[in-house]
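Let me begin by presenting the structure, written as C-alpha cells, before commenting on it.
In this text the structure is predicted, and so the values were computed from the model without any measurement.
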Amino acid sequence: MKRRKNGEGSWGTKTIKGVTYQYYRDPDNKYTYGKTINEVKEKIKKKKKQNIHIQQSSVKTIEEYMLDWLSTTRQKKLKQQTYDSYELIITKYLNMNTCNFGNKNIKILNYELVQEYIDSLAEKYSIGTIRKVWSIVRQCLKYGMSKEELPYFDLSLIQIPSEDRVAVKTKEVPFATTEDVEALYQEAFRKKEYSNTEYMYGNNARAIIIIMYTGLRISELCALKWENVDMSNRTITVKYTHATAKNRDRDATTKTKTIISLPKTYRQRTIPLSKRAFSQFEYFHKFNENHNEDDYVCVTKNMTPMTRRNIFRTLKQMLSRCDANNDLTPHALRHGFGSILLKNGVEIKTISELMGHKDIRTTYNIYIGITEQQKFDAIKTLD
C-alpha cells in the first residue's frame, strides 16, 4: 500500500467474493473500487467532474432544474400540448406534498429523497397520477445524471406504491350501454319549455350523437372538417386531432391557441355512418349550407368551432335529465360504441380498425371483460 501524505487518500487492494479489486480511499474515507488502478483513476476523474458540475448548479432547486431541462432539451421534441402538460405537472406536483420536494437543492438529491417524494404522493393522488409524475421526474433525472449534472443513484430502485396504498383509487371507466345510448339519443331532442321549435341543448347534443354512433375521440370530432366527409358514400375519414395549448408566440394576443395535428399514437381510418350518425351530418350540412371544404363540421349556433369543454358540459346536463349512467363521459360513449358492436357479434379486428387502434391488443385489453364473457357464453351453447 502506498504511503498516505497529509490531505491525500490511500491506495490498496481488497478481495470481495474471491475477486481482488483495487481501491482508492479519499480523505473523507470514501472508497472508489475498480478492477485496475486505471479504472479507479477514471472513476475518480468522473466523480470530480461531476462534483464541479453539481457545484456550478448547486444554487438550483429541483423544480428550477426540471423547468430548465424541459425548456432546453424537450421543447422541440414534444407536441405543444404535451409540453404544456409536462410543465403543469412540474409546477403543480413537485411541492404539493409534505416533503416539499421541488424546493430542495439538487446537490442533495439522492435515492432516499426521491423515494420519500414518491411515497408522499400516495397520500393525495391516484396511482395513475403518480405514474405520470414519476415518468417525467425520471426522464429529467436520467438526463441530468448522464450529463453528470446530478448526483448518481440507481433509478430502478425507486418503487411506485401499489394501488391499495394510494389515497385515490382508480375508477373503472364505464362503457355506455345500449340503454344509455338510446336514453341520450332521445334526450338530445328535448325541446325548450314553451317552445316547439328550439332544442334545449343545441348543436352540442348532435355532436354527442356523432360520438355515440361513430366511436370518435372528442379530439377527432373537434378536428373534423368537411373535406373529411363523403356525403355520397356516407363515410368520414378521420385524419387529425384537435387540441388547445398555451399560446407561446411572441406577439400572442390570446392565452391559448388551437392545434390541429396528425395523430402519432393511433391510425387514420374511414368510418361508415349509420342512419342516426348520418342524419347529424345532414343537419350540419344544412345548418352551414355555405361551408367550404376547410370548415369544421361541428359548429355552434354562432358558427364557431365546438370545444371539448362545452361538449362535456352539455353531456352532463343531458345526463342529469335522462335515465342513463351519470358517470358517462365522451370517452365512455366512444367505448360504448365499441362494446355494443362486440356484444352484437362484430369481429374484434373490425372493431379495432373502426376505433383507430394501431395494435389489436389494445382493443383486446379494453374489452377483455366482454371477450371473456363471450367465451363462457360460447361454451354454454354446447350444454
Side-chain angles (χ1 to χ4, degrees), residues 79 81-82 172-182 184-185 206-243 259-285 293 296-298 306 308 311 315 328-378:
K79 278 187 173 183
Q81 57 268 36
T82 306
E172 188 174 338
V173 178
F175 295 161
T177 64
T178 303
E179 293 75 20
D180 291 329
V181 170
E182 183 62 31
L184 282 168
Y185 181 80
R206 294 182 178 271
I208 289 168
I209 293 174
I210 291 174
I211 293 174
M212 292 194 300
Y213 287 97
T214 61
L216 285 177
R217 299 171 176 88
I218 193 168
S219 61
E220 295 169 336
L221 175 82
C222 292
L224 199 65
K225 295 185 176 183
W226 284 107
E227 64 183 1
N228 310 129
V229 181
D230 186 341
M231 296 294 286
S232 300
N233 292 312
R234 297 191 173 196
T235 63
I236 57 172
T237 301
V238 184
K239 289 185 177 181
Y240 303 103
T241 61
H242 174 287
I259 297 176
I260 304 297
S261 58
L262 291 168
K264 282 188 176 181
T265 57
Y266 47 89
R267 62 187 177 191
Q268 301 173 23
R269 75 266 192 205
T270 297
I271 303 174
L273 300 173
S274 64
K275 288 181 180 179
R276 284 186 171 181
F278 183 68
S279 66
Q280 309 317 308
F281 285 91
E282 287 183 313
Y283 166 81
F284 282 114
H285 195 278
E293 290 289 282
Y296 291 105
V297 173
C298 295
M306 285 186 186
R308 62 173 64 209
I311 292 173
L315 177 59
L328 292 176
T329 64
H331 194 64
L333 300 184
R334 161 177 158 77
H335 285 303
F337 169 79
S339 64
I340 291 168
L341 291 180
L342 189 58
K343 288 176 181 177
N344 287 344
V346 178
E347 289 186 359
I348 198 160
K349 185 177 186 301
T350 302
I351 295 170
S352 185
E353 291 173 355
L354 288 170
M355 300 294 285
H357 295 153
K358 274 192 173 181
D359 191 332
I360 195 171
R361 287 175 296 184
T362 303
T363 319
Y364 273 113
N365 290 336
I366 292 171
Y367 302 116
I368 190 167
I370 299 172
T371 56
E372 289 299 315
Q373 185 59 46
Q374 286 178 330
K375 290 178 187 177
F376 283 101
D377 293 342

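Looking at F284 and I210, their side chains come closer than 4.5 Å, going by heavy atoms from C-beta outward. Counting heavy atoms from C-beta on, the side chains of I260 and Y296 come closer than 4.5 Å. Residues P174 and D180 fail the side-chain proximity criterion, which asks for heavy atoms closer than 4.5 Å. Counting only heavy atoms from C-beta outward, the side chains of L328 and L184 approach each other to under 4.5 Å. Between H357 and I366 the shortest side-chain heavy-atom distance falls below 4.5 Å. Counting only heavy atoms from C-beta outward, the side chains of R308 and P330 never approach each other to under 4.5 Å. Using a 4.5 Å heavy-atom cutoff, the side chains of V181 and Y213 are in contact. The shortest side-chain heavy-atom distance between E220 and R269 falls under the 4.5 Å cut-off.
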Practice task
Would you please test Y283 and I209 for side-chain contact (heavy atoms from CB on, under 4.5 Å) and show each step?
Solution key: CA-CA 12 Å; Y283 166 81; I209 293 174; over 6 Å; no
Exercise for the section: Please lay out, stage by stage, how L354 and V346 fare under the test side-chain contact (heavy atoms from CB on, under 4.5 Å). Expected result: CA-CA 11 Å; L354 288 170; V346 178; 5.5 Å; no
Practice task
Assess whether side-chain contact (heavy atoms from CB on, under 4.5 Å) is satisfied between W226 and H285, documenting all intermediate values.
Solution key: CA-CA 9 Å; W226 284 107; H285 195 278; 3.8 Å; yes
Practice task
Might you work through the side-chain contact (heavy atoms from CB on, under 4.5 Å) test for L224 and C298, ending with a clear yes or no?
Solution key: CA-CA 8 Å; L224 199 65; C298 295; 5.8 Å; no
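Contact record, P272 with T235: CA-CG2, 4.0 Å, taken as the closest heavy-atom pair.
Remark: the N365 side chain and the T362 side chain contain no N/O donor-acceptor pair separated by less than 3.5 Å.
Atom CE in M212 sits 10.0 Å away from atom OG1 in T214 (nearest 0.5 Å). Rounded to the nearest 0.5 Å, atoms CG (L341) and CD1 (I351) are 5.0 Å apart.
Each of N228, V297, I271, D230 was scored for a side-chain contact (heavy atoms from CB on, under 4.5 Å) with I236, with one residue passing: I271.
With hydrogens and angles disregarded, a donor-acceptor distance shorter than 3.5 Å links the side chain of R334 to the backbone of M355.
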